[in-house]
Amino acid sequence: QVQLVESGGGSVQAGGSLRLSCAASGHTDGTYCLMGWFRQAPGKKREAVAALYIGTGITYYTDSVEGRFTISQDNTALYLQMKSLRSEDTAMYYCAAALPPCSPADRSWTLAWFYSYWGQGTQVTVSS
């Protein structure tokens, strides 16, 4: 069973920065083709924030975080570096992983149902 565990959330003032991490455990064996970060604010739908197609270097961002957030990965975890945080970035942040097949050419990275594994979430609160 694959488990994803997020960390790094917290409370910051507007303009501040946070770095979220997502560690995978279990039978990962490098089978993911896509990993992403989603967020959900109270009363709102879960939305895709950023995604990374494994082995390609291709990344996508939702418009509201473009230029402020950076998704990356190393051998140990998936990361989301968040800078210039705004109050509207306040949400529970989730990492997710998708199994093949994946195509960077479509919009599947934005679709929650496309992902097979989810973490439990980490809260980010930005005060203005």
Side-chain angles (χ1 to χ4, degrees):
Q1 183 71 18
V2 173
Q3 290 186 323
L4 302 177
V5 180
E6 302 95 335
S7 61
S11 297
V12 295
Q13 291 190 328
S17 299
L18 282 173
R19 187 193 195 206
L20 306 184
S21 299
C22 173
S25 62
H27 298 290
T28 59
D29 66 356
T31 57
Y32 306 141
C33 58
L34 168 67
M35 294 194 76
W37 288 96
F38 284 72
R39 66 185 179 188
Q40 187 168 19
K44 295 190 177 181
K45 292 174 59 176
R46 186 170 296 192
E47 67 165 341
V49 175
L52 170 67
Y53 283 84
I54 306 304
T56 70
I58 295 173
T59 58
Y60 288 106
Y61 300 91
T62 193
D63 289 346
S64 63
V65 308
E66 184 79 51
R68 300 188 298 122
F69 290 13
T70 303
I71 188 171
S72 63
Q73 180 192 35
D74 63 19
N75 289 337
T76 61
L78 179 76
Y79 304 98
L80 186 67
Q81 177 68 54
M82 305 185 295
K83 298 180 180 179
S84 302
L85 283 162
R86 307 167 181 168
S87 57
E88 54 264 40
D89 295 318
T90 295
M92 184 72 79
Y93 284 71
Y94 301 88
C95 75
L99 299 172
C102 294
S103 173
D106 61 32
R107 296 279 295 173
S108 56
W109 71 273
T110 66
L111 304 173
W113 60 260
F114 190 75
Y115 295 79
S116 301
Y117 302 106
W118 290 84
Q120 83 291 346
T122 185
Q123 178 68 38
V124 172
T125 302
V126 184
S127 57
S128 57

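On a predicted model such as this, the values are computed, not experimentally measured, just so you know.
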Could you check whether any side-chain heavy atom of [X] comes within less than 4.5 Å of a side-chain heavy atom of [Y], counting everything from C-beta outward?
X: E6; Y: L20; result: no
X: M35; Y: I54; result: yes
X: M82; Y: S17; result: no
X: R68; Y: R86; result: yes
X: L85; Y: Q13; result: no
X: L18; Y: V124; result: yes
X: Y117; Y: Y32; result: yes
X: I71; Y: L78; result: yes

Derivation and outcome, side-chain contact (heavy atoms from CB on, under 4.5 Å), residues F69 and V49:
CA-CA 9 Å; F69 290 13; V49 175; 3.6 Å; yes
Sub-3.5 Å donor-acceptor pair from the side chain of T90 to the main-chain atoms of V126, do we have one?
yes
Looking at D74 and A77, would you say the former's side chain and the latter's main chain have a donor-acceptor pair under 3.5 Å?
yes
Check [X] against [Y] and note the closest heavy-atom contact, atom names and distance.
X: G9; Y: T122; answer: N-OG1, 3.1 Å
X: A41; Y: A91; answer: N-CB, 3.8 Å
X: L4; Y: A97; answer: CD1-N, 3.8 Å
X: C33; Y: P101; answer: SG-C, 4.1 Å
X: S108; Y: Y115; answer: O-CE1, 4.1 Å
X: T110; Y: A48; answer: CA-CB, 3.6 Å

Reported CD-to-SG distance for the pair Q73 and C22, which is rounded to 0.5 angstrom
9.5 Å
Under a single-linkage definition using a 4.5 Å side-chain heavy-atom cutoff for Ile, Leu, Val, Met, Phe, Trp and Tyr, are [X] and [Y] assigned to the same hydrophobic cluster?
X: F114; Y: Y60; value: yes
X: Y79; Y: W37; value: no
X: V12; Y: M92; value: no
X: L111; Y: L34; value: yes

Face-on cation placement of R39 at Y94 ring, 6.0 Å and 45° thresholds:
no
Test side-chain contact (heavy atoms from CB on, under 4.5 Å) on L80 and R19; report intermediate values, then the result.
CA-CA 6 Å; L80 186 67; R19 187 193 195 206; over 6 Å; no
Ring centroids only, cut at 6.0 angstrom: are Y53 and W109 within range, meaning strictly under it?
no
Could you pull out all residues at least two apart from E88 that satisfy salt bridge (Lys or Arg N to Asp or Glu O under 4.0 Å)?
none
Let's go through F38 and W118 carefully: what are the C-alpha distance in whole Å and the side-chain angles of both, what is the deciding distance for ring-ring contact (aromatic ring centres under 6.0 Å, His included) to 0.1 Å, and is it a yes or a no?
CA-CA 10 Å; F38 284 72; W118 290 84; 4.9 Å; yes
